[in-house]
Amino acid sequence: MAEYEACILGLKLAIDINVQELLVIGDSDLLVHQFSGEWATKNTKILPYMYCVQELMKRFTKIEFKHVPRIQNEFADALATLTSMIQHPDKNFIDHVPVGIHNQPAYCSHVEEEIDGNPWFHDIKE
């Protein structure tokens, strides 16, 4: 799912800077082959990501996905190696935080000014 989220963020960035033609190079066999139309998706957890990427793909005049094995992607391989070297004691483990992408605007309540005169984020910042 992280690879799909990274792909979605990359596509949104490309759209924001008005890219019309895009070559997406990735080392995820699954992601690249699915969006190239070579493989089908069976995992229902991935379907929302698939639909989101497919909608974003419509914003480009040309988009192509190319697979590069990790062994040929030295930067990604170095990051993966560094990550595997970091030791996380069980007591410091951080639980997964689910992040959703919504296609409609979010609404929030009005926040009143704090009595102490500081902005709402003062305690967080400090």
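Residue numbers count from 1 along this sequence.
- Closest approach of F60 and L11 over heavy atoms only: CZ-O, 3.8 Å.
- The CD1 atom of I15 lies 4.5 Å from the CZ atom of R59; values are rounded to the nearest 0.5 Å.
- Side-chain N or O atoms of T41 include none that pairs as donor or acceptor with a backbone N or O of L47 at under 3.5 Å.
- Taking the six-membered ring where the residue is Trp, H33 and W39 present parallel rings, their angle staying beneath 30° rather than reaching 60°.
- For K58, the side chain to side chain contact (heavy atoms under 4.5 Å, CB included) criterion is met by E55, not counting sequence neighbours.
- Transitive grouping of hydrophobic side chains (ILVMFWY, heavy atoms separated by less than 4.5 Å) brings I46 and M57 into a common cluster.
- By the criterion of side-chain heavy atoms lying less than 4.5 angstrom apart, applied directly or through intervening Ile, Leu, Val, Met, Phe, Trp or Tyr residues, L9 is not grouped with Y51; the two fall into different hydrophobic clusters.
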Please step through side chain to side chain donor-acceptor pair (under 3.5 Å) for the pair D29 and H67, ending with a clear verdict.
CA-CA 6 Å; D29 258 343; H67 179 254; 2.9 Å; yes
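- Contact between A40 and Q34 at its shortest, heavy atoms only, is O-NE2, 3.8 Å.
- V68 and L23 fall within the same hydrophobic cluster, defined by Ile, Leu, Val, Met, Phe, Trp and Tyr side-chain heavy atoms under 4.5 Å apart, directly or through other members.
- With rounding to the nearest 0.5 Å, the separation of OG in S28 from OH in Y4 is 6.0 Å.
- Distance CD/E5 to OH/Y49: 4.0 Å, rounded to 0.5 Å.
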List the steps and the verdict of side chain to side chain contact (heavy atoms under 4.5 Å, CB included) for F65 and C7.
CA-CA 11 Å; F65 288 81; C7 181; 4.1 Å; yes
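- Scanning all heavy atoms of the two residues, the minimum distance from L22 to A14 falls at CD2-CB, 4.2 Å.
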